[in-house]
Amino acid sequence: MNLETENPMSRDLPSPKRTAELEELLIDAEADDEQVQQTQPILVRPWLLLLGLILVALNLRPALSSMAPMLSEVSKSLGLSASQAGLLTTLPVLCLGLFAPLAPVLARRFGAERVVLGILLTLAGGIILRSSFGEIGLFAGSVLASSSATSPNRPGP
């Protein structure tokens, strides 16, 4: 054998038949893995995910946009000044900007589904607080409800 003409790399490469056998073994190894077999597909029913996102968006929208049409009535009943009424309409936008960076961090840490559940519970708490405890409850509930509008899976308002 002539060492100059022999390709040293050709000794290390398996034959095409051997490569196919190795790939088949890798696929079989994954198929036999108990954890892989027990893992369910992520989207078994994609329409259910879409429906869930739409329902979350429909629940978030009134919490953000319901105060403006009723602002004059709320201001009169609670005796709010013009600056307090302005703050009340500014809180949702302010909270969106402040709490939006937390949504992906929370989703990575706890999972998107748990975060959406927490957001919906926070939203319910904010709405209850806003409607039950006078002026302080109105502002605190608005902050709480508006902070929940930063869902990690929420379509735009």
Side-chain angles (χ1 to χ4, degrees), residues 14 19-157:
T19 303
E21 290 173 358
L22 290 174
E23 286 180 15
E24 185 177 322
L25 287 175
L26 289 175
I27 293 171
D28 286 341
E30 288 177 358
D32 293 340
D33 187 9
E34 191 173 314
Q35 186 178 13
V36 171
Q37 289 177 351
Q38 291 177 357
T39 305
Q40 295 181 358
I42 294 174
L43 288 177
V44 176
R45 297 183 183 119
W47 61 269
L48 196 56
L49 174 65
L50 180 64
L51 178 65
L53 290 175
I54 290 170
L55 290 174
V56 168
L58 289 174
N59 281 307
L60 292 175
R61 186 174 296 274
L64 295 175
S65 61
S66 64
M67 190 55 65
M70 300 182 61
L71 189 59
S72 62
E73 292 175 31
V74 171
S75 294
K76 285 178 189 174
S77 68
L78 292 176
L80 299 178
S81 68
S83 60
Q84 288 174 320
L87 177 62
L88 195 57
T89 58
T90 304
L91 282 175
V93 177
L94 184 65
C95 288
L96 281 172
L98 290 175
F99 294 109
L102 295 177
V105 173
L106 292 173
R108 279 193 302 272
R109 181 173 174 117
F110 300 110
E113 294 84 4
R114 288 184 179 146
V115 173
V116 170
L117 175 63
I119 284 169
L120 289 175
L121 292 174
T122 304
L123 175 68
I127 290 172
I128 290 169
L129 188 63
R130 187 164 70 176
S131 61
S132 302
F133 295 102
E135 187 177 333
I136 299 294
L138 178 65
F139 284 96
S142 292
V143 169
L144 198 59
S146 298
S147 68
S148 69
T150 57
S151 170
N153 288 331
R154 168 181 74 80

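Keep in mind it's a predicted model, so treat the numbers as computed, not measured.
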Please round to the nearest 0.5 Å and tell me the distance separating atom [atom1] of [X] and atom [atom2] of [Y].
| X | Y | atom1 | atom2 | value |
| --- | --- | --- | --- | --- |
| Leu129 | Phe139 | CG | CZ | 12.5 Å |
| Leu80 | Leu71 | CG | CG | 7.5 Å |
| Leu121 | Leu144 | CG | CG | 10.5 Å |
| Leu123 | Arg130 | CG | CZ | 8.5 Å |
| Leu55 | Leu50 | CG | CG | 9.5 Å |

Where is the tightest heavy-atom contact between [X] and [Y], given as atom of each residue plus distance?
| X | Y | value |
| --- | --- | --- |
| Leu91 | Ser142 | CD1-CB, 4.1 Å |
| Ser147 | Cys95 | N-CB, 3.9 Å |
| Ser146 | Pro92 | OG-CA, 3.2 Å |

Other residues, nucleotides, ligands: >12 heavy atoms within 6.0 Å of Ile136 CD1
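No.
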Any donor and acceptor pair, going by atom type alone, linking the side chain of Ser77 with main-chain N or O of Val74 inside 3.5 Å?
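At least one qualifying donor-acceptor pair exists.
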So, Gln84 side chain and Ser81 main chain: donor-acceptor pair closer than 3.5 Å or not?
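Between the backbone of Ser81 and the side chain of Gln84 there is a qualifying donor-acceptor contact (under 3.5 Å).
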Is there a side chain to side chain contact (heavy atoms under 4.5 Å, CB included) between Ile119 and Leu106? Walk through the geometry before answering.
CA-CA 11 Å; Ile119 284 169; Leu106 292 173; over 6 Å; no
